[in-house]
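For reference, positions follow the sequence shown, starting with 1.
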Amino acid sequence: MNEAREAQGRETEDEELRALQAALAAEHAAVYGYGVVGGRVGEKRRTEARKAYDAHRARRDALVRAVKDAGATPVAAAAGYALPFPVPDARAAVRLAARLEDRLAGVYADLVRASTGEGRRGAAEAMREAAVRSVRWSGESVAFPGLAERGGTAAGTPAPTA
């Protein structure tokens, strides 16, 4: 019985570590993406983009520490990232910022699910911040930030049922 409990504990730790690494990878991508946003967004929203960039760098650094504290090697940032669409102007930059935040809310929802205690509290705060930034960028909100894509498809529409 004790072995089963230990195995379940290791599985839970592995799940949390995978979720931490996924959040770190998403933060690496967000830092890159906000570099693009900052270069294209209009003057009126440049300060907002800079604040988001700084927030994501801080989250990234905290996640690096959390992964190291868990005894693992943090996932490295890629040299570059494919953007979901071309970003030739300020309007597209705003759409990109909203998309980045939506994706982060989903990744942090996974981390909330996989974490406990203080880790869960931090993940929930990060999810909330991403959801708020997403609303600020897009002007739209969802009932359960980070969970829309869990409804079946990436667009958040229900999956076909058999």
- [ ] With sequence neighbours left out, write down each residue that passes ring-ring contact (aromatic ring centres under 6.0 Å, His included) with Y32, or none if nothing qualifies.
- [x] Y81
- [ ] Would you mind checking if D110 and R113 are paired as a salt bridge, meaning a charged N to carboxylate O distance below 4.0 Å?
- [x] yes
Open item on the list: Going by side chain to side chain donor-acceptor pair (under 3.5 Å), name the pairs with one or both residues in residues 34-45, residues two or more places apart or in two chains.
Closed with: Y34-E101, Y34-W137, E43-R46, R45-E48
TODO: Identify the two heavy atoms, one from A105 and one from A131, that lie closest to each other, and give their separation to 0.1 Å.
DONE: CB-N, 4.5 Å
- [ ] May I ask you to test the V67-T73 pair for a side-chain heavy-atom distance under 4.5 Å?
- [x] no
Task: pair R18-Q21: side-chain heavy atoms closer than 4.5 Å - done: no
Task: From NE2 (H28) to CZ (R59), nearest 0.5 Å - done: 15.0 Å
Open item on the list: Do E140 and V135 have side chains that approach each other closer than 4.5 Å (heavy atoms only, starting at C-beta)?
Closed with: no
Open item on the list: In the structure I gave you, are the side-chain heavy atoms of R103 and Y108 within less than 4.5 Å of one another anywhere?
Closed with: no
TODO: Answer with yes or no whether the hydrophobic clustering places V31 together with V36; edges join I, L, V, M, F, W, Y residues whose side-chain heavy atoms lie under 4.5 Å apart.
DONE: yes
TODO: Determine the minimum heavy-atom distance between G33 and L96, stating which atoms define it.
DONE: O-CD2, 3.9 Å
Open item on the list: Quick test of your reading of the model: are R50 and D54 salt-bridged, counting only N-O distances below 4.0 Å?
Closed with: yes
Open item on the list: Quick check: is L24 connected to L100 through a chain of hydrophobic side chains (ILVMFWY, heavy atoms under 4.5 Å apart)?
Closed with: no
Task: Value rounded to 0.5 Å, distance of CZ in R121 from OG in S115 - done: 12.0 Å
Open item on the list: So, taking the atom named OG in S134 and the one named CZ in R99, what distance separates them when rounded to the nearest 0.5 Å?
Closed with: 10.5 Å
Contacts table for residues 84-94: side-chain donor-acceptor under 3.5 angstrom, sequence neighbours left out:
unit_1: D89; atom_1: OD1; unit_2: R91; atom_2: N; d: 3.3
unit_1: D89; atom_1: OD1; unit_2: A92; atom_2: N; d: 2.9

Open item on the list: Taking the side chain as everything from C-beta on, heavy atoms only, tell me whether L104 gets closer than 4.5 Å to H56.
Closed with: yes
Task: Considering all heavy atoms, the nearest L111-A23 contact - done: CD2-CB, 4.2 Å
TODO: Decide whether L20 and V112 are clustered together by the hydrophobic rule: side chain heavy atoms of Ile, Leu, Val, Met, Phe, Trp, Tyr closer than 4.5 Å, transitively.
DONE: no
TODO: Please name the pair of heavy atoms, one in K68 and one in P74, separated by the smallest distance, quoted to 0.1 Å.
DONE: CG-CG, 3.7 Å
Open item on the list: Measuring only between side-chain heavy atoms, which start at C-beta, is E125 closer than 4.5 Å to R120?
Closed with: no
